[in-house]
There are 2 protein chains.
Amino acid sequence: MARPRTPLLSRERIVAAALRLIDDEGLDALSTRRLATELSVSGPSLYNHFATKDDLLDAVVDSVIGEVDLSMFGTAAGAAGDAGAAGALGAAGVAGRTGSAWPQALRDWARSYRAALAAHPNIVPVLAQGPGRRPNALRLADAVFGHLVESGWPRGQATRIGALMRYFVTGSALASFAAGFPADAEVYDAADYPHLGEAHRLAGHRGTVDEGAFETGLEALLDGLALRYARLAERP
Amino acid sequence: MARPRTPLLSRERIVAAALRLIDDEGLDALSTRRLATELSVSGPSLYNHFATKDDLLDAVVDSVIGEVDLSMFGTAAGAAGDAGAAGALGAAGVAGRTGSAWPQALRDWARSYRAALAAHPNIVPVLAQGPGRRPNALRLADAVFGHLVESGWPRGQATRIGALMRYFVTGSALASFAAGFPADAEVYDAADYPHLGEAHRLAGHRGTVDEGAFETGLEALLDGLALRYARLAERP
DNA sequence: ACCTGAACACCGTTCAAGT
DNA sequence: ACCTGAACACCGTTCAAGT
């Protein structure tokens with residue numbers, strides 16, 4: 001058949017099929033040949049749309065990050081030509097932002113971030129490698145950092161908060177804590193693991209355990225950060 | 001040559017070589033054939049010592065977790081025959097434990113946990129899937145949970161704290177936050193990412209940025225948890 | 001028991017060939 | 001420009017054969 005009049009494939013169709021395959025059968029199940037079969041084309045066809053499998057994975061990852069809500073950080077300040085100079089110093093608090101709104105923004109963002117990632121846990125190891133050159137990942141980093149700085153956090157601290165939030169969110173989305181414990185009670189020999197007598201019941205409560213742990217950790221983190229934010233005002 | 005008088009391989013030698021390969025070249029570089037070459041044997045030889053590649057990976061992962069210090073949780077209480085019954089209710093605080101020692105234990109453990117994992121970041125995605133049936137991972141979960149319960153945390157909360165600590169530690173060890181940002185300044189177009197003008201310098205400060213973020217997050221978490229621990233006493 | 005080579009069904013990627 | 005089949009150097013794993 002060679003080249004059809006209307007293309008059989010598109011980057012979007014390939015990315016969607018790849019994500020479905022990764023979600024359903026894991027990262028290892030994504031092979032270019034298998035994916036091509038799923039799309040009813042031959043293996044090498046994919047190379048008309050992506051240079052390598054890694055390039056394809058990058059696109060899949062960025063499509064997932066694109067689902068994260070960033071609206072709580074406000075639309076980009078200064079969409080006009082002077083946007084580049086806005087990040088320096090004077091912007092802190094001037095735009096009528098109260099400053100103490102950052103915990104709620106961080107909370108909302110973290111929940112959306114986790115929801116987007118937890119919907120596709122098998123791809124989290126790839127995405128956790130950092131933004132690289134992926135636009136949605138860079139936009140996310142820009143929005144969080146910008147919001148924290150504009151809320152009065154020193155730049156160094158804002159960087160650390162962006163990092164530690166990513167640690168927590170990616171860690172929570174990477175795999176279910178509860179489901180990591182086999183449901184087979186015989187695993188937990190009381191002589192070896194005296195406190196895990198009930199651990200075999202964890203997997204059955206997977207959703208509530210993981211959700212509860214995430215919420216507890218998120219609130220604890222925000223409380224701890226609020227303590228440090230208050231100290232900023234004391235000794236400027 | 002067939003079977004040699006003294007075996008060429010052992011599980012220990014295979015695990016050590018596999019970990020070295022994963023550390024040096026990544027998880028994808030670990031193939032049974034490549035590993036066999038590294039060990040100067042033919043590919044199928046490995047199957048005399050491990051049933052599958054996944055079994056081998058399990059052993060590698062557990063050897064890494066075995067490096068985590070658990071001594072801050074104390075040696076197993078009740079090494080005698082009645083160990084199984086100790087996890088119930090009455091043990092809280094009775095053994096002379098002050099209760100408020102748990103934050104320091106958690107801090108020391110988290111640091112050791114992170115150090116062990118961050119030394120082998122490429123294997124963290126595998127290990128983050130949970131303990132499964134790996135003895136060192138189960139021992140770790142048992143020690144943390146047991147310590148928290150004996151410190152007075154309700155079992156449900158202790159589970160959540162074990163989970164959220166794993167989220168944070170695995171997330172921090174999975175990949176460097178700083179190194180995830182390309183060192184190429186041209187990536188950060190001011191029109192697209194107004195606040196990332198200095199992001200190209202992050203990778204150069206990789207160690208301090210990630211260490212600082214981990215320490216900030218750890219202390220914030222511990223502060224937030226201490227707040228909740230104090231509330232336990234107020235309304236029992 | 002522990003190693004080998006041969007074999008099977010897979011991979012990612014390149015390339016010449018087709019329209 | 002976009003798809004194909006053939007080909008290359010790889011995979012994980014099985015198995016019969018050797019000692």
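Hydrogens, waters and symmetry mates are skipped; everything else that's a heavy atom, side chains included, is used. Chain identifiers are assigned alphabetically (A, B, ...) following the order of the sequence lines, protein sequences preceding nucleic acid strands; residue numbering begins at 1 within each chain.
- Taking a pair to require two hydrogen-bonding distances under 3.5 Å in either a Watson-Crick or a G-U wobble arrangement, dG18(D) pairs with dC2(C).
- Under the 3.5 Å distance criterion, with hydrogens and angles disregarded, a donor-acceptor pair is assigned to the side chains of D210(A) and Y167(B).
- Between the side chain of R134(B) and the main chain of G130(B), a donor-acceptor pair closer than 3.5 Å is present.
- Residue contacts shown for L30(A) are limited to sugar-phosphate atoms, with no base heavy atom under 4.0 Å away.
- Checking dG18(D), dG5(C), dG5(D) against the side-chain heavy atoms of S42(B) singles out dG5(C) as nearest.
- Within 4.0 Å of L46(B), counting heavy atoms only, lies no atom of the nucleic acid at all.
- Comparing atom distances between the R3(A) side chain and each of dT19(D), dA6(C), dT19(C) picks out dT19(C) as nearest.
- Rounded to an integer number of Å, the gap from CG of N48(B) to P of dT19(D) is 17 Å.
- Between Y47(B) atom OH and dC11(D) atom P there is a gap of 12 Å when expressed in whole angstrom units.
- What separates CG of L35(B) from P of dC11(D) is a distance of 11 Å, to the nearest Å.
- Considering only the side chain of L9(A), dC3(D) comes nearest among dC11(D), dT4(C), dC3(D).
- One finds no side-chain N or O of T32(B) lying less than 4.0 angstrom from the OP1 or OP2 phosphate oxygen of dT13(D).
- Comparing dG5(C), dC3(D), dA6(D) by their closest approach to the side chain of P44(B) singles out dG5(C).
- S112(A) contributes no side-chain N or O that, together with a main-chain N or O of D108(A), makes up a donor-acceptor pair within less than 3.5 Å.
- The distance from atom CG of L8(B) to atom P of dA1(C) is 17 Å, rounded to the nearest whole Å.
- One interatomic measurement links the two molecules: CD of E25(B) to P of dC10(D), which rounds to 14 Å at whole-angstrom precision.
- Summarising the base pairing, dT13(C) is matched to dA7(D) through a Watson-Crick or G-U wobble pair whose two defining distances lie under 3.5 Å.
- Not one side-chain nitrogen or oxygen of H49(A) sits closer than 4.0 Å to the OP1 or OP2 atom of dA1(D).
- Between the Y188(B) side chain and the P182(B) main chain, a donor and an acceptor come within less than 3.5 Å of each other.
- The side chain of P7(B) has dC3(C) as its nearest neighbour among dC3(C), dC3(D), dT13(D).
- Between the NZ atom of K53(B) and the C1' atom of dC10(D) there is a distance of 12 Å, rounded to whole Å.
- In this structure, R33(B) and T6(B) both approach DNA chain C, and ranking their closest nucleotides by distance from the 5' end singles out T6(B).
- Within the 4.0 angstrom heavy-atom criterion, only backbone atoms of the sugar-phosphate kind lie near S31(B); the bases stay farther away.
- Taking the ring axis of F214(A) as reference, the NZ or CZ atom of R114(A) stays within 45° of it and closer than 6.0 Å to the ring centre.
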